*Asks:* 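First the structure, then my questions, so here it is.
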Number of protein chains: 2
Amino acid sequence: MATLTQRTERRANALSKERIVEAAIEILDADGEGALTFRALAARLKTGSGAIYWHVADKSELLAAAADQLVAGLTTGAKTDLPPREVIRALALGVFDVIDAHPWIGGQLSRDPWQHAVLRILEGVGAQVQALGVPRPIQFNATTAILSFILGLAGQYAAGARFFASGSDRATLLGAIADKWERLDPVAYPFVRQVAAQLPEHDDREQFLAGVDLILAGIETVR
Amino acid sequence: MATLTQRTERRANALSKERIVEAAIEILDADGEGALTFRALAARLKTGSGAIYWHVADKSELLAAAADQLVAGLTTGAKTDLPPREVIRALALGVFDVIDAHPWIGGQLSRDPWQHAVLRILEGVGAQVQALGVPRPIQFNATTAILSFILGLAGQYAAGARFFASGSDRATLLGAIADKWERLDPVAYPFVRQVAAQLPEHDDREQFLAGVDLILAGIETVR
DNA sequence: ACCTGAACACCGTTCAAGT
DNA sequence: ACCTGAACACCGTTCAAGT
């Protein structure tokens, strides 16, 4: 009886890749990229740091698995009854929202473009580019253009999150950057100075969608 | 006499931010991102690791300065006698070539989009977007779309370089990835499987330029 | 003012030893 | 088979002490 309880308890608390990834996501969401260490993870899972290596090869696999789990959530539930253009927009916004909610994913996606999470996005976008009627030879180029754009923004978002972690909030940060931009040399940086005023008030999500629409418009010209 | 020689020698070997950045670039180019440590840098400069902190705030400032030096080389020499569209293409290709020659810059640019090097690119692209006749309200969106695309590719390139550093060359790496892609589930990954064959033989530079052209085509539709 | 280099507070990863 | 936790080989950064 005692052994049985012990055994089921042990099984309930047993380490597994799923439990490790789950705990990693909790740490990343709560305290950001910098907080995920094998020691912190082991403490949260009440185990030794070496135990994690029985289930996970190394830190990069762990991060890839964490990112994949969250990205999988939005690529598997894709609706196909909308026009391809709208599916691409929805998918892109889905990625944006996941990065917005979990900024560490931004860093992870842009750091390793060959991880599975990125493959999911590539497939999701590519299938719709195909459905859009884009000629075969340029389907790959059109798809990777959208993907690169998404990954570029992912990196930017992650960088923003690293700043927020160090205290200040979004508005303060953008205000400070806009200030710096306005003080740049007018001869060398006319455009940046002109655009500085838009920086603090601009909507990231809207700007992101505008970029996607621009690329889609470009794709339509070659269709 | 002896003191004079000593003093001039000391001055010639004196540490400065320029010499530190120069040495950092040499290390990064020769052995990649992972090789740049303050200890390696100090050894190369024949000084103590703490001495570097007198001239440079921390590692991120050092990397930003290194990236900025190489990016400055191509934004300052821009020709303005070409049509805006061609200047954008040339600038984008310039960034591509710098990243191709120094892959660590890719990681650095995508990691911190508010560093000066990125600002230079933003200005270079933005000024031409303006010259292109794009309406004011969407100049910012159009410019950041191109910038995000460039930074997305920068991250991908840096990731590739990290692989090459671990032994295998470009062709082997892409071949291995294409192999993995072809073995994916046909139901879940039809597009990726179809596109796998193009992966090992495709030209990065060409694909990059195709992406830029796609965005430019999109921008022209709203002009 | 500028430099030295030991010391501090961390990392990811390994591995003999346990169960 | 799975887990423990000390140990290894690193990091970036600091700082008392030198010149």
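Predicted, not measured: the structure shown is a model, and the values here were computed from it. In what follows, every chain begins at residue 1, and chains take the letters A, B, ... in the order their sequences are listed.
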*Asks:* List every contact pair, protein side and nucleotides 8-11 of chain C side both N or O, where the distance is under 3.5 Å.
*Replies:*
{"residue": "dC11(C)", "atom": "N4", "partner": "R39(A)", "partner atom": "NH2", "Å": "3.3"}

*Asks:* With sequence neighbours excluded, tell me which residues meet salt bridge (Lys or Arg N to Asp or Glu O under 4.0 Å) with E26(B).
*Replies:*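 Applying salt bridge (Lys or Arg N to Asp or Glu O under 4.0 Å) to E26(B) gives R44(B).
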*Asks:* Scan for salt bridge (charged side-chain N to carboxylate O under 4.0 Å, His left out) pairs involving residues 47-64 of chain A, sequence neighbours excluded, and state none if there are none.
*Replies:*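 Of all non-adjacent pairs touching residues 47-64 of chain A, those that pass salt bridge (charged side-chain N to carboxylate O under 4.0 Å, His left out) are K17(A)-E61(A).
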*Asks:* Requiring both pairing distances under 3.5 angstrom, list the stems that contain DNA chain C and are made of three or more consecutive Watson-Crick or G-U pairs.
*Replies:* C:4-8 with D:12-16, C:12-16 with D:4-8
*Asks:* In chain order, what residues pass the side chain to side chain contact (heavy atoms under 4.5 Å, CB included) check against L199(A), with sequence neighbours excluded?
*Replies:*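 Testing L199(A) for side chain to side chain contact (heavy atoms under 4.5 Å, CB included), a comparison that skips the adjacent residues, returns L174(A), I177(A), A178(A), W181(A), H202(A), F140(B).
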*Asks:* Could you list the residues that satisfy side-chain hydrogen bond (donor to acceptor under 3.5 Å, both in side chains) with R205(A), not counting sequence neighbours?
*Replies:* D97(A)
*Asks:* Which pairs of donor and acceptor atoms, one on a side chain in residues 146-153 of chain B, lie under 3.5 Å apart (sequence neighbours left out)?
*Replies:*
{"residue": "S148(B)", "atom": "OG", "partner": "Q156(A)", "partner atom": "OE1", "Å": "2.8"}
{"residue": "S148(B)", "atom": "OG", "partner": "T144(B)", "partner atom": "O", "Å": "3.2"}

*Asks:* Please report the distance, rounded to the nearest Å, between CD in E61(A) and C1' in dG12(C).
*Replies:*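 After rounding, the gap between these two atoms is 14 Å.
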*Asks:* Check side chain to side chain contact (heavy atoms under 4.5 Å, CB included) between A117(A) and all other residues, then give those that pass, not counting sequence neighbours.
*Replies:*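 Result, side chain to side chain contact (heavy atoms under 4.5 Å, CB included) vs A117(A): A67(A), D68(A), V71(A), L109(A), Q115(A).
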*Asks:* Which parts of residues 50-58 of chain A get close to DNA chain C, meaning a heavy atom less than 4.0 angstrom away?
*Replies:* G50(A), Y53(A), D58(A)
*Asks:* Between Y189(A) and H116(B), is the ring centre distance below 6.0 Å?
*Replies:*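 Yes, ring centres under 6.0 Å apart.
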*Asks:* Return the set of residues passing salt bridge (Lys or Arg N to Asp or Glu O under 4.0 Å) with E33(A) (not counting sequence neighbours), or none when no residue passes.
*Replies:*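 Once residues adjacent in sequence are excluded, the partners of E33(A) under the salt bridge (Lys or Arg N to Asp or Glu O under 4.0 Å) criterion are R111(A), R162(A).
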*Asks:* Provide the full list of salt bridge (charged side-chain N to carboxylate O under 4.0 Å, His left out) pairs with a residue in residues 144-160 of chain B, sequence neighbours left out, each pair given once.
*Replies:* none
*Asks:* Rounding to a whole Å, what distance do you find between L15(B):CG and dT19(D):C1'?
*Replies:*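 So the two atoms are 15 Å apart, to the nearest Å.
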*Asks:* Could you list the residues that satisfy salt bridge (Lys or Arg N to Asp or Glu O under 4.0 Å) with D112(B), not counting sequence neighbours?
*Replies:*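 Residues passing salt bridge (Lys or Arg N to Asp or Glu O under 4.0 Å) with D112(B): none at all.
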